[in-house]
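In what follows, every chain begins at residue 1, and chains take the letters A, B, ... in the order their sequences are listed. Note that the structure is predicted; figures quoted are calculated from it, not measured.
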Amino acid sequence: MSFLSYLISGISLGSVYALIALGYTMVYGIAKMLNFAHGDVIMVGGFIVFSFVSTLGLNPLFSVLLAVVLCALLGVLIERIAYKPLRSATSLAVLITAIGVSYFLQNVALLIFGSSAKSFKSVVPIGEIHIGTELVISGETVVTIAVSLVIMVALTLFVNRTKTGKAMLAVSEDKGAAQLMGINVNKTISITFAIGSALAAVAGVLLCSAYPSLKPTTGAMPGIKAFTAAVFGGIGSIPGAMIGGVLLGVIENLSKAYLSSQMSDGIVFSVLILVLLIKPTGLLGKKINKKV
Amino acid sequence: MKKDTIKEAVAAVGEGETLLSVRDIHVFYGLIEAIKGVSFEVRRGEIIALIGANGAGKTTVMHTISGLIRPKSGSILLGGAEITQIPAHRIVSLGLAQVPEGRRVFQELTVYENLMLGAYVSSDKAENEEMLEKVYQRFPRLEERKKQSAGTLSGGEQQMLAMGRALMSRPDIILMDEPSMGLSPLYVNEVFDIIKEINGSGTTVLLVEQNAKKALAAADRAYVLETGRIALEGKASELMDNAQVRRAYLGEE
Ligand SMILES: Nc1ncnc2c1ncn2[C@@H]1O[C@H](COP(=O)(O)OP(=O)(O)OP(=O)(O)O)[C@@H](O)[C@H]1O
Ligand SMILES: [Mg+2]
């Protein structure tokens, strides 16, 4: 395989990380918490589509839409039940709760679907694309990159151009001042969880279509990588999560191809540590301004 | 009570009648009682000054009125209607805006975006545009810098922005928490001129200040807050001549 094809599949994998990282970074920006159960929403999205397509035989595209809606609701529910009562608790309590929610989701999936890997039927309707004689790109890769690109552009427009988006930015900067403007902070937090979880569902479907094996722990590794990507790009920054995610995917894929496939994760995390040593706030992170 | 009913009640308050009344509020931070039974009222058209030393509880009173903190007991009435239990984000649409201590403009957003967030509760585009024009007229510096992010403004400019942002909701009453804090003498004078101007155009003002001299000069009536209690109250001109006030707040022997 050529460098170009490694690069393209790296971008594709990275776009998925970026979609997941967006959820981490937006929730962190607005609710000031690390939602470690975020990765498991990927798995839930995957299982919803799997059940609808493989078990009930529904239309794949319709199933994906349903999964997106259900995961958005799940995100809102998780926040309401598990995190909202802890708004003024220590961050350690919130972190432990998030880990608890993560285990809860995994165990529910285990109960329903068992521990053996299910083979996920790709929802991508197009086949391989041949460019010249050398380059072959899978349909999944093309769709993943295209869908991610559209979502990222739409999200950027939403956040920067709409009233709700502006309210999200205001809440992420100063909840008290936002309330003085008449912004409903609880509603804004719910919207953020809904968007983040919807993106995780999309990421889950894309990921399972490209790597068609699904089990209750499927969300864990991509979740951690995407979290890394969010920190890498600067946690709290939306463009940071996008760039961090894509770069992480590319670095991972290229190190798999040219250095060592066993060591690729190690290399990815070394790059993260290096970036954080040089720039502790991540690539696009703002300096954390302490309130007096 | 429903939002529209309260709005009507507020609109029905005539010049010189009680617009805001704070009745015996007690506010706690954990076990510490920061406000120990404070009562006062603000009539339509007035400038009321609330003065007091650091830590007296001025900001706590402001936050309680705006709904950011709940009092343990006591009540807050706007236009005679109870607003004590109404969530903070609903208060602004009832006609009460606040310029918070330390300005708290949204640093990452532009001047224009900050101003439009001030009008967040109003979806009347034409009216918002009209108000924006008025704010730009009053603060020409804001129009010059409308595309700049608020974090890049000077302290004085940020104060102007915080005031303009509060005006954008077209409030009946505006609460200002130490608007002259940390500003150069030139800006301090400008801030007080603007407060009088805002009041002159029909907005009632509740002003918290440590700069007692300027505040008393601008206000109609004033309350002196000492460690969570109202220690003195009266006409601003009378308080200015009060020996106790002169000693404690105007820096005289
Ligand atoms: N979040 C908080 N938690 C605990 N105590 C608080 C909190 N905020 C204020 N206090 C305490 O309540 C008292 C009143 O504080 P407040 O900020 O209302 O005073 P202030 O009159 O506005 O002071 P300043 O002039 O310094 O702004 C002080 O003793 C303060 O230490
Ligand atoms: Mg204060």
Check your understanding: Short question: side chain of B:E113, backbone of A:K166 - any donor-acceptor pair under 3.5 Å?
Key -> no
Check your understanding: Are any side-chain N or O atoms of B:E108 and backbone N or O atoms of A:L169, one a donor and one an acceptor, separated by less than 3.5 Å?
Key -> no
Point to revise | Residue part contacting chain A, namely of B:I91, when any heavy atom lies under 4.5 Å | key: neither
Exercise for review: Can you tell which part of B:S122 gets under 4.5 Å to a heavy atom of chain A, answering side chain, backbone, both or neither?
Suggested key: backbone
Within a 6.0 Å radius of atom [atom1] on [X], are there more than 12 heavy atoms belonging to other residues, nucleotides or ligands?
| X | atom1 | value |
| --- | --- | --- |
| B:R90 | CZ | no |
| B:R170 | CZ | yes |
| A:F104 | CZ | no |
| B:Y187 | OH | yes |
| A:K187 | NZ | no |

Exercise for review: Nearest 0.5 Å please: distance from the CG atom of B:L117 over to the CD atom of A:E173.
Suggested key: 10.0 Å
Exercise for review: Report the distance from atom OH of B:Y120 to atom CG of A:L180, rounding to the nearest 0.5 Å.
Suggested key: 14.0 Å
Review point. If every non-hydrogen atom of A:K163 is compared with every non-hydrogen atom of B:A119, which pair is closest and at what distance?
Key: NZ-O, 4.5 Å
Review point. Heavy-atom distance under 4.5 Å between the side chains of A:M181 and B:F106, does that happen here?
Key: yes
Point to revise | Side chains of B:H89 and A:V185 in contact at under 4.5 Å (non-hydrogen atoms) | key: no
